[in-house]
There are 4 protein chains.
Amino acid sequence: MKPVKAAVVGLGRLGGRHAENVARRVAGAELAALCDADAARLAVYAERLNVPRRTRDFDQLLAIDEIEAIVLVSPSVFHPEHISKALDAGKHVFSEKPLGVTAEDCLAAEQAVNRHPELVFMPGFMRRFDESYAFAHQRVKAGDIGKPLFFRGVSQDPAEGVREAIAFAPTSGGLFLDMAVHDIDLARWFLGSDPEAVWAIGDCYAYPEFAECGDIDNGSCLMKFKNGAMACLFAGRTAPHGYNVESEIVGTERILRISSVPQRNLVEIMDGGGVRRECFQRFLDRFGPSYLNEVQEFFDCVREGRKPEITVRDGARATRIAYKCKESLATGKLVETGL
Amino acid sequence: MKPVKAAVVGLGRLGGRHAENVARRVAGAELAALCDADAARLAVYAERLNVPRRTRDFDQLLAIDEIEAIVLVSPSVFHPEHISKALDAGKHVFSEKPLGVTAEDCLAAEQAVNRHPELVFMPGFMRRFDESYAFAHQRVKAGDIGKPLFFRGVSQDPAEGVREAIAFAPTSGGLFLDMAVHDIDLARWFLGSDPEAVWAIGDCYAYPEFAECGDIDNGSCLMKFKNGAMACLFAGRTAPHGYNVESEIVGTERILRISSVPQRNLVEIMDGGGVRRECFQRFLDRFGPSYLNEVQEFFDCVREGRKPEITVRDGARATRIAYKCKESLATGKLVETGL
Amino acid sequence: MKPVKAAVVGLGRLGGRHAENVARRVAGAELAALCDADAARLAVYAERLNVPRRTRDFDQLLAIDEIEAIVLVSPSVFHPEHISKALDAGKHVFSEKPLGVTAEDCLAAEQAVNRHPELVFMPGFMRRFDESYAFAHQRVKAGDIGKPLFFRGVSQDPAEGVREAIAFAPTSGGLFLDMAVHDIDLARWFLGSDPEAVWAIGDCYAYPEFAECGDIDNGSCLMKFKNGAMACLFAGRTAPHGYNVESEIVGTERILRISSVPQRNLVEIMDGGGVRRECFQRFLDRFGPSYLNEVQEFFDCVREGRKPEITVRDGARATRIAYKCKESLATGKLVETGL
Amino acid sequence: MKPVKAAVVGLGRLGGRHAENVARRVAGAELAALCDADAARLAVYAERLNVPRRTRDFDQLLAIDEIEAIVLVSPSVFHPEHISKALDAGKHVFSEKPLGVTAEDCLAAEQAVNRHPELVFMPGFMRRFDESYAFAHQRVKAGDIGKPLFFRGVSQDPAEGVREAIAFAPTSGGLFLDMAVHDIDLARWFLGSDPEAVWAIGDCYAYPEFAECGDIDNGSCLMKFKNGAMACLFAGRTAPHGYNVESEIVGTERILRISSVPQRNLVEIMDGGGVRRECFQRFLDRFGPSYLNEVQEFFDCVREGRKPEITVRDGARATRIAYKCKESLATGKLVETGL
């Protein structure tokens, strides 16, 4: 079976990783083209990965007939436009989260996907492709934990990256849209329902800089789901120990906890500080394999003519819910999601 | 220095333990009298602990002049009356939580305490006297974690005790008043502030029996504190692994987590289930030493003529906040605490 | 039932603790006398614990008729003499380890005990009275782990106490007799057999000072037991993290591990060092309750007219085996124990 | 740079994995040929991995000029012959452990390697390429733990694979050669020295079947190193919880512990058994990435014209020491290694 010819759009830190994966590690894929606004970066990756075609213009990229699939890692603000155009150009599309940065954006993306049932579209929530999350979800789906009743999700970025986060704040969409959206997706996935009401709170506890663009450095929210289940999320940008993503699913018969310590490897160190484990510092260290797995699944779907379990609706709803959190944070009120 | 002559009122499971402690393990205390409505139980303990005086009548007890201090472990509904009468009779009072089961009750208790500045009054929140909680609080107070911004509190009773919980449900006050009130006290203690608004949700996920008396089997709430900090509490009666009390305090510079695994001892077992730790099943196994420590502190205060750090106001506020949670759960609304 | 009138001999750090326990915490015991060569120390404890009789002379102590039981915490070198004399004077005897510092000593002690079957004698191996060790032993005894085949024992003193250890080295008996003797006792207890051959190695890796009195700072030994089981012990005086006592029992069907992390409490700390737990620094912090439990058992035996499970033979054999380790270390050879 | 054309010899479970890795995951390698005595297996892999050349005859394989490198995963008994012939045929050689099953074998392999300084030879001790072991070694090498003084190595196969192990026993070389040889390599690597004396013990505690070919089901040994350091190894075939490889390096200033719990992923499960982690069951699940890393390093060496850190001498010595353990086990004596 011939490999699927693909292009990666956007060569930032994560885009670069996706490009390497498609070029070298994804079975059944061929990295045929690269697209990025930055010519230097484009040249570096094209050279390093030996990619035949490169362009700074997204429309030119779509005009290349042999490209069958697009891996979108462009800035969030371009997602809806890129998704629509690529699908309309007959390309399968994998898009990193979020679908868009406004509700209209998400709707536009959703409509584009619905216009093209013949094409594969997959939004990127890599945590679902982490082996521990996948294992836990399998258990939940098999009924091992009884009825899931409470989801707890924690997403923390390391304090040592806070300057970077401050610089990114004006375009990040804010704490809930940028970080908690992953936990929102997990909560929906594990609880099998949508939240009907949310209350979100938070503040700038350490870095007033975030307030300048209406953002916060740490926040949390409580969600009541339509099936009666509950979720509490906590997200923060000031974790002292590293990059921490942790989840818990409480069922009526069992409880599962995922990554309660973000240990970077299997080494324990005994010294003056006691017994300790060093932690992950970068999301790519923690979720590197998941980013590979999700894109592998996308290409497998394309080749096998099937649709991924995760859909555009999952992407749209997670984004919508994150917006509702943002609204709740801004107004101080309990907000109905309308789902 | 002569020991303080004391009486224990109420000889249920916890009351029995308090009686044993006062009789045998509390330095500077002498168990001089016992009071319980159940004559048989009264006889058993009086015999076993060699207590000279016993009565089924609280007023008679107060009439015994030589009794200087009362340890109240009577049913919650009697707390306000017993507190007031004992103080008015000139006795120092230690009272197990809660102060009362209505807001008026708490107020009555608070007023009685304020009427008697010459006497020691101490409400019993034993977790503050657990060595791990005390250690964590010391660190927080010393500024080690920076500014505390998020408190997470979990209180879970073991599923294997659920029948007992159902039987107790009609008079327990409900999940928030009975269980989460301890986490509310901890949240206030660690965050150094009071919540201004709460939203509580929950349901009967496994045992509809709780609904019959307006209670739930699992619930959670989110709280916004006046100083901007956040707290999320989760309480449940169906923990598969045992009696689980767990807390986390997120600060701007450090995070502390207390008892993330409720391991009953230091043994790890490797078998077909993997690597596992067995857990506490009963609150007295987990908090036995704390119940001793708190009463020791009470008697030390009496003997040294000083007041405990924990005050009637702490007890009253925790109870009031638990009520607000209950109100939020019942109405589905965000509730202002008025604090 | 009247309490047993007892004397504590030797008021060093551990002796002081024993005196406090007998005076205040051991049910059924009454601290009637104290004996120590140091008059000042004697006065301090007698005062503090309100002990009616005190003497610097052991023979005078034995002459006090009303004393029924002796708790020996005198320097090791006096143990055999004190044990014999006390038993011959008709007193029940609890003796801290070791029974003596030579093989003849142990024999003398053993003979004295055998001369007095009417009296209770109990050697102090407090680890057997730690709740986790007791739990593990119960499981092993019940056959839960199948056939025990390998015991691993680790005893480490904290590096921060190394100066103290160096000062104590000339009279400590050496690493195996002073520290590993506890693991030898545990190995015998868990494996239910005696070693037939031992090979011990070690060196002064960090502190040449120990070599001056023929001792080492870290050592290990391997033992082959008569029933075919194996044991490997490691002992050291330079643990960077604290006071660490850790054991593992491998059975054909289950493995038990005890205290694999010597965490001082239930708090986890997240900071720049990762996720860590602080550790015990002093043996009395780790084994405080065990020292109480063992003496309680001694007094219970005296009052109930029964013999403790642990016997003089256990004490004598552990000491003898520790000597064989010492001999192996000195000669570099495999040594038969002759048991 | 052109990829190195390579052949994989031996397509058992591990050989199959190596073939897949060379075909798909090792950068700079091209799987040009396969060799296995079993025609069916050969066909399956050649098909699946699209390998142009295949042969059942090792000499025919060596005759293929374009093959530059050989990855040997043939049965241990063929290793020395295959190594010599391949090197003499001008091929770079990666050989899975052991170098051979007799001392003469190892010597022969060592001589062959020394005859060909122009070629890359690398023995496969995959643990050195596990990220946690590599991390620990880096710390040790950097002096972070002070002077390493004790190494503890545990290798346990899961009880559920014991039937397979019994079937393999006649040709496995025995517990020390088959399993502990990895720990011997680690001990040498971490301690930076060779053992001068070893004492090994063990027995058939659960499966007398192993005795039929002179093997045991669980064993341990103690080693004294030339630089004074110590090592204790434990190996067994009856682990109740899974595939367990665990190590500890005690230094004068820090202690490192690697994989003290062989948790298969990051999920904790709370249920009636307490809090537990499920474990790895198969060595390829635990060390899959290491097997890839080691072969990647081999091909990188070939392409970059450098020699790997691990040498034929490491392989030869580890094997020799394992033999000395076997000898000690058989004779019951302390054995000098002659190193």
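Naming: A, B, ... by sequence-line order, numbering from 1 per chain.
Tyr205(A) places a side-chain N or O within 3.5 Å of a backbone atom of Gly228(B) that can act as its donor or acceptor partner.
Nearest heavy-atom pair across Pro240(B) and Arg254(A) is CG-CA, 3.8 Å. A pairwise comparison of heavy atoms in Arg257(B) and Ser260(A) identifies NH1-O, 3.0 Å as the closest pair.
No other option in Val250(A), Ile201(A), Asp203(A) has as many heavy-atom pairs under 4.5 Å with chain B as Ile201(A). Heavy-atom pairs under 4.5 Å with chain B were tallied for Lys333(A), Gln156(A), Arg152(A); the largest tally goes to Arg152(A). Note on Gly332(B), Ala206(B), Ser220(B), Cys232(B): by heavy-atom pairs under 4.5 Å with chain A, the leading option is Ser220(B). Per-residue counts of heavy-atom pairs under 4.5 Å with chain B were compared for Gly146(A), Ala197(A), Ala159(A); the largest is that of Ala197(A).
Separating the CG atom in Leu149(B) from the CG atom in Asp217(A) is a distance of 7.5 Å, to the nearest 0.5 Å. Considering OG1 of Thr238(A) and CD1 of Ile255(B), their distance stands at 7.5 Å, rounded to 0.5 Å. To the nearest 0.5 angstrom, Thr252(B) atom OG1 is 9.0 Å from Asn218(A) atom CG.
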Working for side-chain contact (heavy atoms from CB on, under 4.5 Å), residues Phe234(B) and Glu248(A): CA-CA 12 Å; Phe234(B) 174 77; Glu248(A) 184 169 13; over 6 Å; no

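Crowding of Arg163(B) atom CZ: a count of heavy atoms from other residues, nucleotides or ligands under 6.0 Å exceeding 12.
Heavy-atom distances place the side chain of Lys147(A), and not its backbone, under 4.5 Å from chain B.
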